2 protein chains.
Amino acid sequence: MTVWDRPEPPTRPAPLDRERIVAAAIALADEGGLEAVSLRKVAARLDVGPMRLYQYISTKEELFDLMVDEVHAEILPEEQPGDWREVLRTHADRTRQATLRHEWLADLLGGRPTLGPNALAVTEATLAALDGLADLDTVMRAVETVSAYFTGAIRREIANLRAERATGLSKRDWQRAYGPYVSRVLATGRFPALAKVVHDGTEVDAETSFATGLDWVLDAVAAKLARPSA
Amino acid sequence: MTVWDRPEPPTRPAPLDRERIVAAAIALADEGGLEAVSLRKVAARLDVGPMRLYQYISTKEELFDLMVDEVHAEILPEEQPGDWREVLRTHADRTRQATLRHEWLADLLGGRPTLGPNALAVTEATLAALDGLADLDTVMRAVETVSAYFTGAIRREIANLRAERATGLSKRDWQRAYGPYVSRVLATGRFPALAKVVHDGTEVDAETSFATGLDWVLDAVAAKLARPSA
DNA sequence: ACTGTTGCGATACACCGTATCGGCAAAATA
DNA sequence: TATTTTGCCGATACGGTGTATCGCAACAGT
């Protein structure tokens with residue numbers, strides 16, 4: 001018996017670990033959305049039986065938590081700009097960019113407290129940038145207000161993007177985008193203010209809309225940081 | 001043969017319609033959360049085969065849309081206070097109250113464009129209150145910024161509430177609430193700013209936190225409505 | 001070499017959303 | 001009125017899901 005007829009040992013798949021599981025799940029979600037992530041498919045992508053995953057995660061929700069935290073590694077900026085305002089804006093922008101790369105993040109954003117190490121690091125960086133600018137309560141309110149804003153704004157942006165995509169790529173025009181339904185409703189005359197907006201409103205791209213709202217909120221925060229009592 | 005031995009006609013269940021379906025689904029969701037809503041259970045609650053529902057809705061997502069719109073009927077205030085600021089604040093508050101009554105709404109808020117009749121009525125009322133205070137673009141930005149804020153804030157509030165509930169009703173204390181994990185992480189010293197907040201931060205109840213942030217955002221909006229260019 | 005232990009994969013269960021189809025009752029026609 | 005047509009509604013079925021359970025096989029220890 002020579003080497004040639006001795007069968008090769010089966011090439012072991014790379015050893016399994018949380019990181020590989022999360023990476024596979026994220027790949028799946030990037031391709032087909034959150035609903036395309038099933039434990040069976042994740043396992044299949046790793047050439048492994050589904051039950052194997054339960055040694056590393058105890059529930060599907062936990063996997064989602066890990067995915068969210070993994071993306072927070074992309075959100076944490078490599079080097080912090082100095083100004084508190086720049087820090088908050090950057091946090092918002094990077095979260096938005098990450099969500100545009102991983103649209104499924106919009107479905108998870110704000111859905112659970114984020115306590116993973118990467119998310120904590122992001123929070124830490126933000127808090128550090130605001131440290132000492134006002135009393136703790138004011139600082140907390142500032143951080144939470146800004147993050148409530150961008151969480152909501154990002155979710156809406158993705159929601160609209162999906163709707164446009166679903167109704168067939170029509171972008172500018174509500175009436176054509178959402179089909180005859182909206183036109184019919186507006187034609188009833190029961191929604192004059194809405195009709196005016198749809199008719200006369202100029203189209204603003206999502207990015208500047210996001211940035212403008214963010215600037216407003218940051219202005220508000222600036223005022224409160226200056227005079228915490230107000 | 002008398003009346004007495006003639007069998008009664010089988011008591012027809014009330015005729016099915018969208019409204020009854022949505023009501024059943026909402027009841028289910030109120031009791032057990034969104035995940036407790038399945039077409040089979042909704043149908044069972046109406047004494048009907050599951051397939052029957054497909055005459056009124058074409059997909060489960062559509063049912064969710066209907067549920068959201070139904071709740072918007074609770075959100076629309078019966079009579080509008082006059083001031084634009086009061087209108088926006090009321091919209092935010094009523095949305096929050098509705099979400100506290102129907103926690104599952106937090107999972108859906110901002111997830112899809114809301115185009116149902118009740119949601120449109122709410123938007124109409126809001127836009128009407130701001131009509132003429134500034135150019136259309138500024139007004140839109142105002143409405144969207146405020147609603148991005150309260151959407152995000154409500155979602156976070158419910159997320160925290162659920163986490164507290166899940167970790168066993170401990171409220172004030174992160175360390176005990178989220179278990180030894182957070183304490184351990186904070187003990188590493190890698191998150192000094194966070195540790196300071198956890199250690200020194202005073203507990204603020206969710207409602208005032210929500211209201212404070214909302215006031216900040218409204219202040220910002222007021223400034224922009226006054227000087228639209230700024 | 002034999003035995004004990006432990007981790008892993010196959011199997012199983014209950015449930016899900018929804019496509020399909022067959023029969024029955026009511027409505028329309030002759 | 002008798003007959004045909006139509007349209008609705010329920011049963012059945014399919015392919016999927018998350019996860020509990022359990023038996024076996026490979027390894028470790030004596």
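What you see below is based on every heavy atom in this structure, not just the backbone, and it leaves out hydrogens, waters and symmetry mates. A quick note: this is a predicted structure, and the numbers were derived from the prediction, not measured. So you know, we letter chains A, B, ... as the sequences are listed, proteins then strands, and number each from 1.
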| Going by an N to O cut-off under 4.0 Å, is there a salt bridge joining A:Glu157 and A:Arg162? |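 No, no charged N to carboxylate O under 4.0 Å.
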| query | Would A:Arg165 and A:Glu103 pass as an ion pair if we require N to O under 4.0 Å? | reply |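 Salt bridge between A:Arg165 and A:Glu103, a charged N being under 4.0 Å from a carboxylate O: yes.
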| field | Whole angstrom value for the distance that separates P of C:dA10 from CG of A:Leu39 | value |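 In whole Å, C:dA10 P lies 16 Å from A:Leu39 CG.
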| message | List the residues meeting side chain to side chain contact (heavy atoms under 4.5 Å, CB included) with A:Ala25, not counting sequence neighbours, and say none if there are none. | response |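 With sequence neighbours excluded, A:Ala25 shows a side chain to side chain contact (heavy atoms under 4.5 Å, CB included) to A:Val37, A:Val42, A:Leu63, A:Met67, given in chain and number order.
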| field | Distance in angstrom units between A:Leu28 CG and D:dT17 P, rounded | value |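 After rounding, the reported distance stands at 10 Å.
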| field | Nearest to side-chain heavy atoms of A:Met51, which nucleotide of D:dT17, D:dG10, D:dT21 | value |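 Closest nucleotide among those given: D:dT21.
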| message | Here's one to test your reading of the geometry: is the NZ or CZ of B:Arg96 within 45 degrees of the ring axis of B:Phe210 and under 6.0 Å from its centre? | response |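 Yes, B:Arg96 sits over the ring of B:Phe210.
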| Could you state the CG-C1' distance from B:Leu46 to D:dC9, rounded to the nearest angstrom? |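 The distance from CG of B:Leu46 to C1' of D:dC9 comes to 15 Å, rounded to the nearest Å.
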| Atom-to-atom span, CG of B:Asp47 to C1' of D:dC9 - whole angstrom |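 Value for this atom pair: 15 Å.
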| field | Positions of residues 52-66 of chain B (non-hydrogen atom under 4.0 Å from DNA chain C), listed by number | value |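 Those residues are B:Tyr54, B:Thr59, B:Lys60.
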| Are A:Pro117 and A:Asp69 side-chain neighbours, meaning at least one heavy-atom pair lies under 4.5 Å? |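 Yes, at least one pair of side-chain atoms sits under 4.5 Å.
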| Is the base of C:dG17 touched by the side chain of B:Arg40 through a donor-acceptor pair closer than 3.5 angstrom? |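 Between C:dG17 and B:Arg40, which were checked side chain against base, a qualifying N/O pair under 3.5 Å is present.
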| Atom-to-atom span, CD1 of A:Ile21 to C1' of D:dG18 - whole angstrom |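 It works out to 15 Å between those atoms.
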| salt_bridge(A:Glu124, B:Lys196) N-O dist < 4.0 Å |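 Salt bridge between A:Glu124 and B:Lys196, a charged N being under 4.0 Å from a carboxylate O: no.
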